[in-house]
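Position 1 is the first residue of the sequence, and the numbers go up from there. Below, all heavy atoms of this structure are taken into account, side chains as well, without hydrogens, waters or symmetry copies.
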Amino acid sequence: MNESIWTGRIDDAVNRTAFRYHQIVEAVDLQTAKDGCVIIGFECEEGVRRNKGRLGAAKAPDALRTGLANLPWRFGETARLFDVGNVACTGEELETAQQELGKTVGMLLSNGATPIILGGGHETLYGHYLGVREFLGPDASLGIVNIDAHFDLRPYDEQSSSGTMFRQILESDENASYFVAGIQRYGNTQELFDRAELLGVTYVHEDEMIPGQLENLMDLLDAFMDKHDAVMLTLCTDVLNAAFAPGVSAPSPFGIEPSTVRAIIRKVAGHTKTHSFDICEVNPALDENGKTVKLGAYFVNEAIAGFMKN
């Protein structure tokens, strides 16, 4: 364990009800991480570079850990949290890194653990998917819920990137379906909307996601999740209004509010069919007073709370 990351305030060294994340987390190897939430980082921004985005997301995994470290642990006397370290992308070897992340996620799921993946660019999602599909096998129906301003359905005939993952999945996996909440009407080309229709994507525009008026969205999510054998959840932080999350590759002036993202995470992570969560596109190099990192850490905590059924 990197003690410079997992440190923070100590209110009590013995009474577990006064503990914070840094007092709970256990640094272990993959074989030991069982029956709890498991943090794994993906130090990668090669997909962002290929997609001509602003770099810096590779530094997010450890930054998010720092943001989590001092949060109170509210999940009972027996709940456990593990950290198995980072998978790193070497040079431009994105596909190799995604395969490695997939193997790690698949092993964690096979051990009965719940992967909590800290990206990285949104190319993290494809490695996450590979692990979930490996665990489920080819025949299980998989619902992928994405909170994002963008479809990420770009062509990948020349190379994959942080903008191609869902098209890669949908064109190769007939048992995968895709739901995305937060789509910007003017942040995606008409070709991408047409591609989404062609691939059967379910999507909700950002201006249809008004805080306090989310009943329709929640009903759509319930219907989507209920019809699949398994669900995975991914958050691209560029879905948020740039006032709340300036530290991302592609800020969204008309993005959604944190309370809306929080509600979606609570809904999806709390569903019995949801196996895992990733957060992507936090960029500490572009952050303002650490606000995006802190918000991202709070979202990770919400996901863990959902999986812990708190």
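- For the residue pair Ser276/His128, the side-chain donor-acceptor check at 3.5 Å is satisfied.
- In this view, Glu206 satisfies the salt bridge (Lys or Arg N to Asp or Glu O under 4.0 Å) rule with no residue, not counting sequence neighbours.
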Less than 3.5 Å apart, which donor and acceptor atoms pair up between the side chains of residues 234-242 and the rest of the protein, not counting sequence neighbours?
residue : atom : partner : partner atom : Å
Thr234  : OG1  : His122  : NE2          : 2.9
Thr234  : OG1  : Asp278  : OD1          : 2.5
Thr234  : OG1  : Asp278  : OD2          : 3.3
Thr237  : OG1  : Cys280  : O            : 3.0
Thr237  : OG1  : Glu281  : O            : 3.3
Thr237  : OG1  : Val282  : N            : 3.4
Asp238  : OD2  : His150  : ND1          : 3.3
Asn241  : OD1  : Ala243  : N            : 2.8
Asn241  : ND2  : Pro253  : O            : 3.0

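- Take Glu93 and apply the salt bridge (Lys or Arg N to Asp or Glu O under 4.0 Å) test, not counting sequence neighbours, and it matches no residue.
- Taking Ile, Leu, Val, Met, Phe, Trp and Tyr as hydrophobic and joining them when side-chain heavy atoms fall under 4.5 Å apart, one finds Val48 in a cluster with Leu55.
- Residue pairs meeting the side-chain hydrogen bond (donor to acceptor under 3.5 Å, both in side chains) criterion with at least one partner in residues 249-267, sequence neighbours excluded, are Asp222-Lys267, Arg262-Glu302, Arg266-Glu302.
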Check residues 175-185 and write down every donor-acceptor pair under 3.5 Å in which the side-chain atom is one partner and the other belongs to a residue at least two apart or another chain.
residue : atom : partner : partner atom : Å
Asn175  : ND2  : Pro138  : O            : 2.9
Ser177  : OG   : His228  : NE2          : 3.2
Tyr178  : OH   : Asn146  : ND2          : 3.1
Tyr178  : OH   : Phe151  : O            : 2.9
Gln184  : NE2  : Phe254  : O            : 3.1
Arg185  : NE   : Asp207  : OD1          : 3.2
Arg185  : NE   : Asp207  : OD2          : 2.7
Arg185  : NH2  : His205  : ND1          : 3.4
Arg185  : NH2  : Asp207  : OD1          : 3.3

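- Judged as a salt bridge (Lys or Arg N to Asp or Glu O under 4.0 Å), and not counting sequence neighbours, Glu208 has no contacts.
- Annotation: ring pair (Phe, Tyr, Trp, His ring centres under 6.0 Å) contacts of Phe299 (sequence neighbours excluded): none.
- Other residues, nucleotides and ligands contribute over 12 non-hydrogen atoms within 6.0 Å of the CZ atom of Arg20.
- Under the salt bridge (Lys or Arg N to Asp or Glu O under 4.0 Å) criterion, Lys227 pairs with no residue, sequence neighbours left out.
- Under the salt bridge (Lys or Arg N to Asp or Glu O under 4.0 Å) criterion, the residue pairs touching residues 163-177 are Arg133-Asp173, Arg167-Glu171, with sequence neighbours excluded.
- Applying the ring pair (Phe, Tyr, Trp, His ring centres under 6.0 Å) rule to Phe82 yields no partners; only residues at least two apart in sequence or on another chain are considered.
- Annotation: side-chain hydrogen bond (donor to acceptor under 3.5 Å, both in side chains) contacts involving residues 29-38, sequence neighbours excluded, comprise Asp29-Thr32.
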